[in-house]
Amino acid sequence: MFSFLVREGEYSSRSPPPPRPPPPLPLDTSVTYDHKSIIINGQRRILISGSIHYPRSTPQMWPDLIQKAKDGGLDVIQTYVFWNGHEPSPGQYYFEDRYDLVKFIKTVQQAGLYVHLRIGPYVCAEWNFGGFPVWLKYVPGMEFRTDNAPFKAAMQKFTEKIVGMMKGEKLFHTQGGPIILSQIENEYGPVEWEIHEPGKAYMKWAAQMAVGLETGVPWIMCKQEDAPDPIVSSRTAKTNPKCGLKLGPAGESHFHSHNFKLLLKDSNFPLLDRQSRVSITDPQFFRYHGGTNFGRTSGGPFIATSYDYDAPIDEFGLIKEPKWGHLRDLHKAIKLCEPALVSVDPTVTSLGSNQEAHVFQSNSGCAAFLANYDPKSSATVKFGNSQYYLPAWSVSILPDCKTEVFNTARLGAQSAVRYMMPAVSKFNWQSYNEETASADDSDSTTMTGLWEQVNVTRDTTDYLWYMTDVNIAANEGFLKSGQNPQLTVMSAGHMLHVFVNGQFAGTAYGTLSNPKLTFSANVKLNAGVNKISLLSVAMGLPNVGVHYETWNAGVLGPVTLKGLNEGTRDLSKQIWSYKIGVKGETLGVNTLTGSSSVDWIEGSLLAMKSPLTWYKATFNTPAGNEPLALDMSTMNKGQIWINGQSIGRYAVYKATGSCNDCDYAGTYTEKKCRSQCGEASQKWYHVPRSWVKPSGNTVVVFEEMGGDPSGISLVKRTTGSVCADVYEGQPTLDSWTNKAAKPKAHLWCPPGQKITQIKFASYGWPKGRCGYFSEGSCHAHKSYDAFQKNCVGQQSCSVTVSPEVFGGDPCPNSVKKLSVEVLCN
């Protein structure tokens, strides 16, 4: 079963179809497996699945997301179950809105797809605290993910809760529902390897507990080579189907970092390489769609609000071409091979020094995968009675061992150029300045010494004030010399804003690789009592690591003043006052009802580049159905709300590292394909259209460090042009039904748009990529004609890639391609 991740929804121009009843229950509703494949209703299957994480999109988006998944050739939707979203307090459950798990699964069922339910309940997933509720950490005697009685009791209770809900709604396949697989735990093998025997005991207990729930469908463990029978392991085992090849579109984004990109040819090559070797029935393409870490759900720390992941469906719900289309074609090609793939193991023969044929020959058919492992050179190989051209680092699929229908390095799908078009470029902002907390505040709590942040806040907010008084004698030498003392604050993370006597003194922050930080600066102190106020900021709790529940955040010291008559004074063990959250949160100024509780100022009095400032404005929703986002590039760090709903954290930090051009050939590494170096790690913040009204919407921003709100704008994600880049003679799925079929350039604009102009067309040796094409030394001068005739004024069109279409062969005896870009409007 291929696992992919898809999302797109409320941006479809068509209305969601009315709910459809589930398909009729087949006579055989069993789900079994053997070493070759998953067996559904008695039939061996290769299932292509994709993850949609339901809280990372809105319920209004789900139907169209799932339809896009189905259109992309998927059979199964997989999702984690997010414990901390469903049980925010012990025994208090929440299954509404974005956390309506039953509604989500029934929506998948209505589309006629299966579900793989990854209960966990540990999910990792770059999600806050790995999906565990924070209260779990404070259960007496608690240790996460080990042979620990309190943890096992809580885990079993929640797992039974979810399984009971699914049974009650008849959602398991044996009940006529769509759930064909469930997962217990997640990626536990590395933890077991670290902690040894307690890990082994816990793993066996988890497996037995899950099987004992009698769901009627197989349970799976991910990254668990020693999973006991009958658990399906995500690694190769003699009695299990070959499953669990986890392929990611790229890497997660985090603030301060460049973004990763994974070219679709990079993802297809390892997939088909493994598929051709062992006939994988559950490779996981993680993620097919990412979505958005709304609110404070991102983990890390420092995981960005965008969870785009360079996936085939982008964060905003738009198909990312050519990746989505190329994968769709791949899925079709693999399905043509299914009878042979699920029947036998492959035989491998050499076709050259770096070329191989992997052949699945059975009574039910023959399928072959021809692989060229050379990262630099193409090759022409002889297989059977024919010759096949294999580009460098590519795999070709022959569903009947004769007809080539797909090659990983040849694109039949179009590309698209998208941009952010301003929709509301000017807001009439109002501002409210947050008060700096002090030890004298009546709503503060006083304790001796420094306390860990999450222990105090229970993660109800990102913010915790640490406040103390510093007495300075009138005879201190620095008062006369002007050499201000140095304040040093050491924190376990993740960010710190320092105020002295109500004045902003500076900021320090950690990173994903090292959340700890040190603030050190000379500060102006006066004779008498001085107020030190430290605002510690969490940037998401850790989601992965052995016993990460023991990791700390906040100011743990030491906190020192250097340069006094006494030398260095340690403030760590003196009396400190604590205040949870900032005042604006307490007053609810981010909500529709609470925003009237403070006096906002505007016009010439508007606060600009001032730390700890709230901003508020109203706007009308722009017409159309394009995805919306806020451009926050002129701000620094804070949070955003739309009509009281939290968009999430924003942090406009410049990405570090080095970036270079992408080349799909060769083994992929995280250093191979980076983007946005020197630019903001995240600039645009998704605003779901279901969160806005036609008019009178309220946006609230809390800026921690000081920014310029006049530069904030609401933008629409718009398709400007689409491209095709097709070689003559390249494999095409059309050849399966028509052996004489030639490749075509397929172009289509989004619904509501039409092709208005041919920006570029060249048949010959064009150079560049979509948006940056140029003519090469070989060019057919009638390259534009067919597109002018067939495409202008149409939403979609197709043009055959053949010399006669473009007025003849411009450079005989050479391999040519067609590059074309058309404008959509």
Side-chain angles (χ1 to χ4, degrees), residues 7-13 57-58 60-61 253 255 259 290-294 304-308 310-311 313-321 416-429 615-643 645-655 675-676 679-701 703 707-722 749-753 771 823-825:
R7 109 179 233 297
E8 175 177 358
E10 56 196 293
Y11 307 121
S12 172
S13 63
S57 54
T58 65
Q60 293 78 7
M61 300 166 75
S253 295
F255 297 124
N259 288 337
T292 305
N293 292 318
F294 295 114
T305 298
S306 170
Y307 202 63
D308 183 270
D310 195 38
I313 304 292
D314 73 14
E315 178 189 4
F316 303 99
L318 299 176
I319 290 172
K320 188 172 291 183
E321 296 281 24
V417 175
R418 293 193 172 101
Y419 62 96
M420 292 300 196
M421 181 174 70
V424 179
S425 56
K426 182 176 177 56
F427 291 91
N428 292 319
W429 291 104
Y615 296 98
K616 181 179 74 167
T618 59
F619 67 95
N620 297 331
T621 301
N625 58 9
E626 302 97 330
L628 301 176
L630 282 170
D631 184 338
M632 302 295 293
S633 56
T634 61
M635 303 299 281
N636 268 301
K637 163 71 174 67
Q639 298 184 47
I640 314 167
W641 294 264
I642 297 287
N643 293 332
Q645 299 222 57
S646 176
I647 294 295
R649 303 180 183 99
Y650 70 88
V652 191
Y653 301 148
K654 300 298 182 183
S675 66
Q676 293 182 243
E679 302 176 22
S681 300
Q682 184 177 347
K683 179 179 179 181
W684 298 300
Y685 293 81
H686 181 205
V687 178
R689 277 195 176 262
S690 60
W691 288 12
V692 294
K693 305 171 292 184
S695 61
N697 299 287
T698 301
V699 53
V700 175
V701 175
E703 169 61 46
D708 180 3
S710 66
I712 298 175
S713 63
L714 185 71
V715 296
K716 300 194 293 187
R717 187 130 176 98
T718 302
T719 299
S721 62
V722 294
C749 291
Q753 292 183 275
L823 302 185
C824 296
N825 215 328

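Note that the coordinates shown come from a computational prediction; the quantities given were computed from them, not determined experimentally.
For Ser713 against Phe427, the heavy-atom pair with the smallest separation is CA-CE1, 3.9 Å. Of all heavy-atom pairs spanning Pro622 and Arg689, the tightest one is O-NH1, 3.2 Å. Nearest heavy atom pair, residue Ile647 against residue Val687, reads CD1-CA, 4.1 Å. The heavy-atom pair separating Phe316 from Ala629 by the smallest distance is CE2-CB, 3.7 Å. Looking at every heavy atom in both residues, Gln753 comes nearest to Thr719 through NE2-O, 3.2 Å. Scanning all heavy atoms of the two residues, the minimum distance from Pro709 to Trp429 falls at O-NE1, 3.0 Å.
Residues Asp708 and Ser710 have side chains that bring a donor and an acceptor to within less than 3.5 angstrom of each other. Side-chain contact annotation: Thr305 with Arg649, donor-acceptor N/O pair under 3.5 Å absent. Counting only N and O atoms by type, the side chains of Glu315 and Thr292 include a donor and acceptor under 3.5 Å apart. For the residue pair Thr618 / Asn697, no side-chain donor-acceptor distance below 3.5 Å is found, with atom types taken as modelled.
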| request: In sequence, state the C-alpha distance, the side-chain angles, and the governing distance for Thr718 and Arg418, and then conclude on side chain to side chain contact (heavy atoms under 4.5 Å, CB included). | output: CA-CA 5 Å; Thr718 302; Arg418 293 193 172 101; over 6 Å; no
| said: Test side chain to side chain contact (heavy atoms under 4.5 Å, CB included) on Leu628 and Lys716; report intermediate values, then the result. | reply: CA-CA 5 Å; Leu628 301 176; Lys716 300 194 293 187; 3.6 Å; yes
| message | Show, in sequence, the C-alpha distance, side-chain angles and deciding distance for Gln639 and Val700, and conclude whether the side chain to side chain contact (heavy atoms under 4.5 Å, CB included) test is met. | response | CA-CA 8 Å; Gln639 298 184 47; Val700 175; over 6 Å; no
| task | Please report the C-alpha distance between Asp631 and Ser633 in whole Å, then the side-chain angles of each, then the deciding distance to 0.1 Å, and finally whether the side chain to side chain donor-acceptor pair (under 3.5 Å) criterion is met. | result | CA-CA 6 Å; Asp631 184 338; Ser633 56; 2.9 Å; yes
| Criterion side chain to side chain contact (heavy atoms under 4.5 Å, CB included) on Glu321 and Val722, from CA distance to verdict | CA-CA 9 Å; Glu321 296 281 24; Val722 294; over 6 Å; no
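Tyr650 and Tyr685 have perpendicular rings, their planes meeting at more than 60° on a 0 to 90° scale where under 30° would count as parallel. Under the 30°/60° scheme for interplanar angles, the aromatic rings of Phe294 and His686 are found to be tilted.
Enclosure of atom CG in Asn825 is not indicated, since only 12 or fewer non-hydrogen atoms of other residues, nucleotides or ligands lie within 6.0 angstrom.
With contacts defined as side-chain heavy-atom distances shorter than 4.5 Å, the pair Ser721/Cys824 does not qualify. A heavy-atom distance below 4.5 Å is not found between the side chains of Asn643 and Trp691. Residues Lys320 and Ile313 are not in side-chain contact: their nearest non-hydrogen atoms beyond the backbone lie 4.5 Å or more apart. Annotation: side chain of Thr58 is in contact with side chain of Ser690 (closest heavy-atom distance under 4.5 Å). The shortest side-chain heavy-atom distance between Ile712 and Met632 falls under the 4.5 Å cut-off. The shortest side-chain heavy-atom distance between Ile642 and Thr698 does not fall under the 4.5 Å cut-off. You'll find the side chain of Leu318 reaches within 4.5 Å of the side chain of Pro627, heavy atoms only.
Judged purely by atom type and a 3.5 angstrom limit, Gln682 uses its side chain to pair as donor or acceptor with the backbone of Trp684.
Interatomic distance, Ser57 OG to Tyr307 OH, rounded to the nearest 0.5 Å: 13.0 Å. Asn428 CG to Lys616 NZ: the interatomic distance, rounded to the nearest 0.5 Å, is 12.5 Å. Taken from NZ in Lys637 to CD in Glu703, the straight-line distance is 8.5 Å, to the nearest 0.5 Å.
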